[in-house]
Amino acid sequence: MSVVPKLTLIHSQMASKLEVRELGKTGLKLSCVGFGASPLGHVFGSVPEEEAIASVRHAFQSGINFFDTSPYYGGTVSERELGKALKALCVPRNEYIVATKCGRYKEGFDFSAERVTRSIEESLERLQLDYVDILQCHDIEFGSLDQIVNETIPALLKLKKAGKTRFIGITGLPLGIFTYVLDRVPPGTLDVVLSYCHYCINDSTLEDIVPYLKAKGVGIINASPLAMGLLTETGPPEWHPASPELKSACQAAATCCKEKGKNISKLAMQYSLLNKEITSVLVGIRSVEQVEANVAAARELAASGIDEEALSEVGAILKPVKNQTWPSGIQQS
């Protein structure tokens, strides 16, 4: 009689595992849901330290092994809080993967070799780590792309050789920045790109360059599956750069879901997880409840697939604004 409960328990444990995917040619295996630590920098409101620690612990225990931050988030607060939370896990360093960034700071942008070299030392101190797994140039469209190619990336390669980071990458909004840089550096120079707001229900243009990125041997991370708040019931913050038309369409889609007892944020998260060529979907997390909601969405998707009816209805509402984006960065010469 004890056999059935035991088998049920084993099956339950197997079913609850969070999917991991390989990141390009790095050999890293990231959880399909990544912990975006910008909220730990109080950028969306205050997060008590005990809540930050509890969120990271619960995420790790739920199968999330990838944590992403930046010195820009909260003016270094996010890195400090994440560092404390990771130390509190009391697990071997190789059991979690940490990414941080360089080049963007509270005081502005600086992609010089001197600054990014100093930046990683500062980040490691705040994170209480000897190395990070991934170091990324942050929002490179706000700098000179030629400087990124000729000065910043060579500096990051030296940091990689020195063991300060295992892998290097670039982040930003306009997809053209990735092809510009990758076409101008030797093959294998960059290990990863982090794109945001381009693999969501309302904008799937990242998909267009996935074959190119794969051919370059670059791993892909997708951030902001909720389009920086567009795909939520509460709607985006006032500063959101989307057009009124796009904001209105997303609000209509959220209302449609709510009226049918469905949640657009869950649907959006699941949609972003569908493409297995994308290694991890980074979502900003600030509470245990948010950890549980995002992990549950991923597990439900793995077990029973996406709600095709809801996806179709939302897709129809968003069709007039599909793939509409907004400008970001400086005019590149």
Side-chain angles (χ1 to χ4, degrees), residues 16-40 55-70 73 78-79 82-83 85-86 89 91-101 123 127 129 131-138 156 160 165-171 178 188 190-200 206-207 209-210 213-214 216-226 268-285 290-299 301-302:
S16 68
K17 280 187 177 293
L18 202 57
E19 180 187 1
V20 294
R21 302 173 182 174
E22 291 195 13
L23 181 66
K25 296 183 177 180
T26 65
L28 296 177
K29 293 183 178 180
L30 278 56
S31 51
C32 62
V33 176
F35 190 111
S38 66
L40 302 190
S55 300
V56 169
R57 180 184 295 113
H58 194 66
F60 182 75
Q61 292 172 343
S62 301
I64 294 176
N65 71 349
F66 176 45
F67 300 85
D68 176 270
T69 185
S70 166
Y73 301 148
S78 173
E79 284 188 325
L82 180 60
L86 291 173
L89 290 177
V91 298
R93 171 66 181 87
N94 63 2
E95 290 193 15
Y96 53 82
I97 295 161
V98 179
T100 194
K101 307 179 184 76
S123 290
L127 288 163
L129 298 174
Y131 67 91
V132 292
D133 298 282
I134 307 167
L135 178 61
Q136 305 157 107
C137 301
H138 195 175
L156 297 195
K160 182 178 178 180
T165 183
R166 296 173 67 194
F167 303 102
I168 62 172
I170 52 178
T171 86
F178 299 134
L190 289 175
D191 304 298
V192 58
V193 300
L194 189 160
S195 169
Y196 70 97
C197 290
H198 285 310
Y199 201 81
C200 313
L206 176 60
E207 202 165 39
I209 67 165
V210 165
L213 294 172
K214 283 197 71 182
K216 292 286 187 179
V218 175
I220 308 167
I221 297 167
N222 172 48
S224 203
L226 309 186
M269 185 67 188
Q270 291 180 332
Y271 175 83
S272 292
L273 288 165
L274 283 174
N275 192 326
K276 300 297 182 77
E277 305 288 359
I278 294 169
T279 301
S280 189
V281 177
L282 270 175
V283 60
I285 292 175
Q290 288 181 349
V291 171
E292 291 179 344
N294 287 294
V295 169
R299 288 174 177 165
L301 180 68

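Formation of a donor-acceptor pair under 3.5 Å by the Lys101 side chain with backbone atoms of Thr69 is found in this model. Ser31 contributes a side-chain N or O that, together with a main-chain N or O of Asn65, makes up a donor-acceptor pair within less than 3.5 Å. A donor-acceptor pair under 3.5 Å is absent between the side-chain atoms of Asp68 and the main chain of Gly36, judged by distance alone.
Annotation: side-chain hydrogen bond (donor to acceptor under 3.5 Å, both in side chains) contacts of His198 (sequence neighbours excluded): Asp203, Thr205. Partners of Ser38 according to the side-chain hydrogen bond (donor to acceptor under 3.5 Å, both in side chains) rule, which considers only residues two or more places apart in sequence or in another chain, do not exist here. The side-chain hydrogen bond (donor to acceptor under 3.5 Å, both in side chains) test applied to Asn294 returns no partner, not counting sequence neighbours. For Asn222, the side-chain hydrogen bond (donor to acceptor under 3.5 Å, both in side chains) test picks out no residue, with sequence neighbours left out. Applying the ring-ring contact (aromatic ring centres under 6.0 Å, His included) criterion to Tyr199, with sequence neighbours excluded, gives Tyr271. Considering only residues two or more places apart in sequence or on other chains, Phe67 meets the ring-ring contact (aromatic ring centres under 6.0 Å, His included) condition with Phe35. Residues satisfying the side-chain contact (heavy atoms from CB on, under 4.5 Å) criterion with Ser280, sequence neighbours excluded, are Leu30, Phe66. In this view, Cys200 and Asn202, Ala227, Leu231 satisfy the side-chain contact (heavy atoms from CB on, under 4.5 Å) rule, not counting sequence neighbours. Under the salt bridge (Lys or Arg N to Asp or Glu O under 4.0 Å) criterion, Lys214 pairs with Glu277, sequence neighbours left out. For Arg21, the salt bridge (Lys or Arg N to Asp or Glu O under 4.0 Å) test picks out Glu19, with sequence neighbours left out. When the side-chain contact (heavy atoms from CB on, under 4.5 Å) test is applied to Ala223, the partners found at least two apart in sequence or on another chain are Leu194, Tyr196, Leu282.
Residues Val192 and Ile221 form a side-chain contact, since some pair of their non-hydrogen atoms from C-beta on lies under 4.5 Å apart. Side-chain contact check for Val56 versus Leu40: some heavy-atom pair is nearer than 4.5 Å. Contact annotation: the side chain of Ser123 never approaches that of Val132 to less than 4.5 Å [non-hydrogen atoms, C-beta and beyond]. Considering only heavy atoms from C-beta on, Leu89 comes within 4.5 Å of Arg57 through its side chain. Between Ser195 and Ile220, every side-chain heavy-atom pair lies at or beyond the 4.5 Å cut-off. You'll find the side chain of Ile170 reaches within 4.5 Å of the side chain of Leu190, heavy atoms only. Leu135 places a side-chain heavy atom less than 4.5 Å from the side chain of Thr100.
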query = Between Leu23 and Ile97, does a side-chain contact (heavy atoms from CB on, under 4.5 Å) hold up when you go through it step by step?
reply = CA-CA 11 Å; Leu23 181 66; Ile97 295 161; over 6 Å; no

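Considering CG of Leu28 and CZ of Phe167, their distance stands at 4.5 Å, rounded to 0.5 Å. One finds the OG atom of Ser62 at 8.0 Å from the CG atom of Leu18 (value rounded to the nearest 0.5 Å). Between the CG atom in Leu127 and the CG atom in Leu86 there is a gap of 7.5 Å [rounded to 0.5 Å]. Note: Ser224 OG to Leu226 CG = 6.5 Å, rounded to the nearest 0.5 Å. Rounded to the nearest 0.5 angstrom, Leu129 CG and Leu82 CG are separated by 8.0 Å. We find the CD-NE2 distance between Gln290 and His58 to be 12.0 Å, quoted to the nearest 0.5 Å.
Pairs of residues two or more places apart, or lying in two chains, that qualify as salt bridge (charged side-chain N to carboxylate O under 4.0 Å, His left out) and include a residue from residues 91-100 are Arg93-Asp133.
In terms of heavy atoms, Met269 sits closest to Ala297 at CG-CB, 4.4 Å. The minimum heavy-atom distance between Gln270 and Leu301, with the atom names listed, is O-CD2, 3.5 Å. Counting all heavy atoms, side chain and backbone alike, Ala268 lies closest to Pro225 at CB-O, 3.8 Å.
Counted within 6.0 Å of NZ on Lys160, heavy atoms from surrounding residues, nucleotides or ligands total more than 12; the atom is thus considered enclosed.
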